[in-house]
Amino acid sequence: MHTAFLQQTIKLAVKSTQIHKGGPFAAIICRDQNIIATGINNVTCNNDPTAHAEIMAIRNACSQLNTFQLKDCVLYSSCEPCPMCLGAIYWARIKQVYFACNRYDAALAGFDDSFIYDEIAMLAEQRKIPMQHIKLKESLDPFNAWQTQENKIPY
């Protein structure tokens with residue numbers, strides 16, 4: 001079953017490179033062994049650096065199921081999710097992930113995310129893109145407002 005969904009994902013990734021001129025990535029999200037949503041890499045098509053296949057599949061699944069959590073869903077990806085997609089997978093509460101290629105295969109094809117993994121582990125002020133924490137007296141106001149909100153939807 002997992003092999004069949006991964007094979008479909010790989011075919012979708014190949015099709016993406018041929019028809020949509022997107023990157024060589026695709027993702028499928030299933031619930032109860034039924035495909036709920038698919039996604040292909042639309043970074044260059046949409047001029048959107050966040051339009052990775054996994055993100056697109058998560059957006060489509062959430063829209064289809066009318067929820068922001070995919071607790072009962074499994075994601076199949078043509079490649080090991082990058083750090084951004086990994087974060088989205090955790091935020092969506094996806095139950096399990098299966099992938100065909102790993103990050104080292106992707107790096108050999110020109111999609112090397114190792115620098116991002118390295119940057120995440122660094123202190124903000126040591127990263128290549130300058131980041132500086134500026135503490136203001138009202139910095140915590142949004143969190144305080146959230147904590148006192150009675151009808152909030154936790155996520």
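Position 1 is the first residue of the sequence; numbering continues from there.
Among Thr50, Thr44, Asn46, the single residue meeting the side chain to side chain donor-acceptor pair (under 3.5 Å) criterion with Asp48 is Thr50. With Phe25 as the partner, the side chain to side chain contact (heavy atoms under 4.5 Å, CB included) test is satisfied by one option alone out of Cys79, Cys85, Cys82, Cys101: Cys79.
Atoms CD and OH, on Gln69 and Tyr155 in that order, are 11.0 Å from each other to the nearest 0.5 Å. Rounding to the nearest 0.5 angstrom, the gap separating the CD atom in Gln132 from the CD atom in Glu125 is 8.5 Å. Note that CD1 of Ile134 is 9.0 Å distant from OG of Ser139, once rounded to the nearest 0.5 Å. Rounding to the nearest 0.5 angstrom, the gap separating the NZ atom in Lys15 from the CD atom in Gln8 is 11.5 Å. Expressed to the nearest 0.5 Å, how far OH of Tyr76 lies from OG1 of Thr3 amounts to 9.0 Å.
Nearest heavy atoms, Leu6 versus Ser77: CD2-O, 3.4 Å. Here the shortest heavy-atom pairing between Pro83 and Ile116 reads CG-CG2, 3.6 Å. Between Pro81 and Tyr117 the shortest heavy-atom distance is O-OH, 3.4 Å. Lys128 and Glu119 make their closest contact through N-OE1, 2.8 Å (heavy atoms, listed as atom of the first residue, atom of the second, distance). Nearest heavy-atom pair, Thr17 versus Pro24, reported as atom, atom and distance to 0.1 Å: CG2-CA, 3.5 Å. Nearest heavy atoms, Ile55 versus Ala88: CD1-CB, 3.3 Å.
Within the 3.5 Å criterion, the main-chain N or O of Glu80 finds no donor-acceptor partner in the side chain of Asn102. The backbone N or O of Asn34 sits nowhere less than 3.5 Å from a side-chain atom of Asp32 that would complete a donor-acceptor pair. Not a single donor-acceptor pair under 3.5 Å links the side chain of Arg103 to the backbone N or O of Asp113. Within the 3.5 Å criterion, the main-chain N or O of Phe99 finds no donor-acceptor partner in the side chain of Ser78. Without hydrogens or angle criteria, Thr9 side chain to Phe5 main chain gives a donor-acceptor distance under 3.5 Å. Judged purely by atom type and a 3.5 angstrom limit, Arg59 has no side-chain atom pairing as donor or acceptor with the backbone of Ala57. In this structure, Ser63 contributes its side chain and Asn60 its backbone to no donor-acceptor pair below 3.5 Å.
Looking at Lys95 and Lys71, their side chains never come closer than 4.5 Å, going by heavy atoms from C-beta outward. Residues His133 and Lys135 have side chains in contact (heavy-atom distance under 4.5 Å, counting atoms from C-beta outward). With a 4.5 Å cut-off on side-chain heavy atoms, Leu75 and Ile28 do not count as touching. Side-chain contact between Leu70 and Cys62 is present, with at least one heavy-atom pair separated by less than 4.5 Å. The shortest side-chain heavy-atom distance between Ile58 and Ile29 falls under the 4.5 Å cut-off. In this structure the side chain of Ile153 reaches within 4.5 angstrom of the side chain of Phe68, judged on heavy atoms. Ile40 has its side chain out of reach of Met56: every pair of non-hydrogen atoms, C-beta onward, lies at least 4.5 Å apart.
Transitive grouping of hydrophobic side chains (ILVMFWY, heavy atoms separated by less than 4.5 Å) keeps Tyr98 and Ile36 in distinct clusters. In this structure, Val97 is not a member of the same hydrophobic cluster as Leu12, with clusters built from ILVMFWY side-chain heavy atoms closer than 4.5 Å. Hydrophobic clustering, with ILVMFWY side chains joined whenever heavy atoms are under 4.5 angstrom apart, groups Ile35 together with Met1.
Atom CD of Gln33 sits in a sparse spot, with 12 or fewer heavy atoms from other residues, nucleotides or ligands closer than 6.0 Å.
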